[in-house]
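Below is one structure, written out as structure tokens; the observations come after it.
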Amino acid sequence: MEEKNFKSETKQEVLFNGLTLNGFLALFLILAGLGIGGYWAYLGIAYAHNVSVAGSILLIAASLFCQKGLVRQEPNEARVMMFFGSYKGTFKKVGFYWVNPFINTKKLSLRARNLDAEPIKVNDKQGNPVMIGLVLVWKLSDTYKAMFEIDAQTMANTTQVGNNVNLIMKAFENFVKIQSDAALRQTAGQYAYDANESDDAMTLRGGGEEINRQLEAKLDERLAMAGIEIVEARINYLAYAPEIAAVMLRRQQADAIIAAREKIVEGAVSMVKMAIDKIAENDVVELDDDKKAAMVSNLMVVLCGEDNAQPVVNTGTLNM
């Protein structure tokens, strides 16, 4: 197992160090060869010289074959160079060059690509179905692993990928999408959507950057074998599945109401205690236990009630 992990983390890409020429110089030589070959062919036909005709045909054929070695490469592009099935390195020079025409090249893009995955339904740690989606930025970092560690021919939605760079990169996009779904399911299954009152554990809704870091680490583990580097990965959509969304919304509302009521009662008790203490301290009126109980009841109703209090003035105890 350790040997397998070591191989997946080691960069196996090497730079191509074979013969390369300036593309414009090579193009000039090719055109010159075609011109000389055509002139020889004209002379051979004019003077009925079969050797000249044969030599001109060979020169023209060689010039046309050498034209296959012309490559034009833009920034953040690479070509995997293979000589009769043997990996000779990765060509990353930017510009116009000529290489050995017997070398087969496969063009790859090293530019960053974006994946906005559609939300998928998964079960969280408590078994509740949730909808979760991610946005992912990735790019190729090891062209050797990308071409030879995974089978790009079977990952694209076509029977044959060949050397078409668009089909090759489409194959990698499909591979990234499948692995990102698997990593997202694995991450979501380790945490609850939301915490209970007595549970302070990390949750999908409250985990934030820590959840994103764990998701990125799981993606790195899965995509390293394909030479793919994760630039950024984060959860961009999180909600309960439709079948339980209404129930969970009522639960959240009930939790919010209970928390608010607890705060209101806590404040009301402190205010009632302060009122009784102030009355006794300033000797406003002497209250026995029954009157204190009545006062506490009335104040709690006023402070905790949702409707505005309607005061009642009692004048029946006044003696004329």
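Throughout, residue positions are numbered sequentially from 1 according to the sequence presented.
In the displayed structure, W40 atom CH2 is contacted under 6.0 Å by at most 12 heavy atoms of other residues, nucleotides or ligands. The environment of Y39 atom OH is sparse: at most 12 non-hydrogen atoms of other residues, nucleotides or ligands sit within 6.0 angstrom.
For N236 (side chain) and L134 (main-chain N/O), a donor-acceptor pair under 3.5 Å exists by modelled atom type. E77 contributes a side-chain N or O that, together with a main-chain N or O of E74, makes up a donor-acceptor pair within less than 3.5 Å. A donor-acceptor pair under 3.5 Å is absent between the side-chain atoms of K88 and the main chain of M82, judged by distance alone. A donor-acceptor pair is defined here as one N or O able to donate and one able to accept, closer than 3.5 Å; such a pair exists between the side chain of N212 and the backbone of I235. Side chain of N100 to backbone of G69: no donor-acceptor contact under 3.5 angstrom is found. In this structure, the side chain of S180 engages the main chain of K177 through a donor-acceptor pair within 3.5 Å. Under a 3.5 Å cut-off, the side chain of R185 and the backbone N or O of K121 do form a donor-acceptor pair.
Among residues two or more places apart in sequence or in another chain, the side-chain hydrogen bond (donor to acceptor under 3.5 Å, both in side chains) test is passed with N17 by none. With sequence neighbours left out, F102 forms a ring-ring contact (aromatic ring centres under 6.0 Å, His included) with F65.
Within the 4.5 Å cutoff, the side chain of Q214 has no heavy atoms near those of the E209 side chain. Between D124 and Y193 the shortest side-chain heavy-atom distance falls below 4.5 Å. Taking the side chain as every heavy atom from C-beta outward, K106 and R79 never approach each other to under 4.5 Å. At a threshold of 4.5 Å between non-hydrogen side-chain atoms, the residues E232 and L136 do not count as touching. For the pair L64 and L34, the minimum side-chain heavy-atom distance is below 4.5 Å.
I103 and F148 fall into different hydrophobic clusters, where Ile, Leu, Val, Met, Phe, Trp and Tyr side chains are chained together by heavy-atom contacts under 4.5 Å. No chain of hydrophobic side-chain contacts below 4.5 Å, direct or via other Ile, Leu, Val, Met, Phe, Trp or Tyr residues, connects L19 to V99. Grouping the Ile, Leu, Val, Met, Phe, Trp and Tyr side chains by contacts below 4.5 angstrom, directly or via other members, places I120 with L215. In terms of hydrophobic clustering, with Ile, Leu, Val, Met, Phe, Trp and Tyr side chains grouped at heavy-atom distances under 4.5 Å, F16 and L140 are assigned to different clusters.
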Scan the side chains in residues 89-96 for donor-acceptor partners under 3.5 Å anywhere in the protein, sequence neighbours excluded, and list what turns up.
unit_1, atom_1, unit_2, atom_2, d
T90, OG1, Y87, OH, 2.8
T90, OG1, T143, OG1, 2.6
K92, NZ, E13, OE2, 2.6

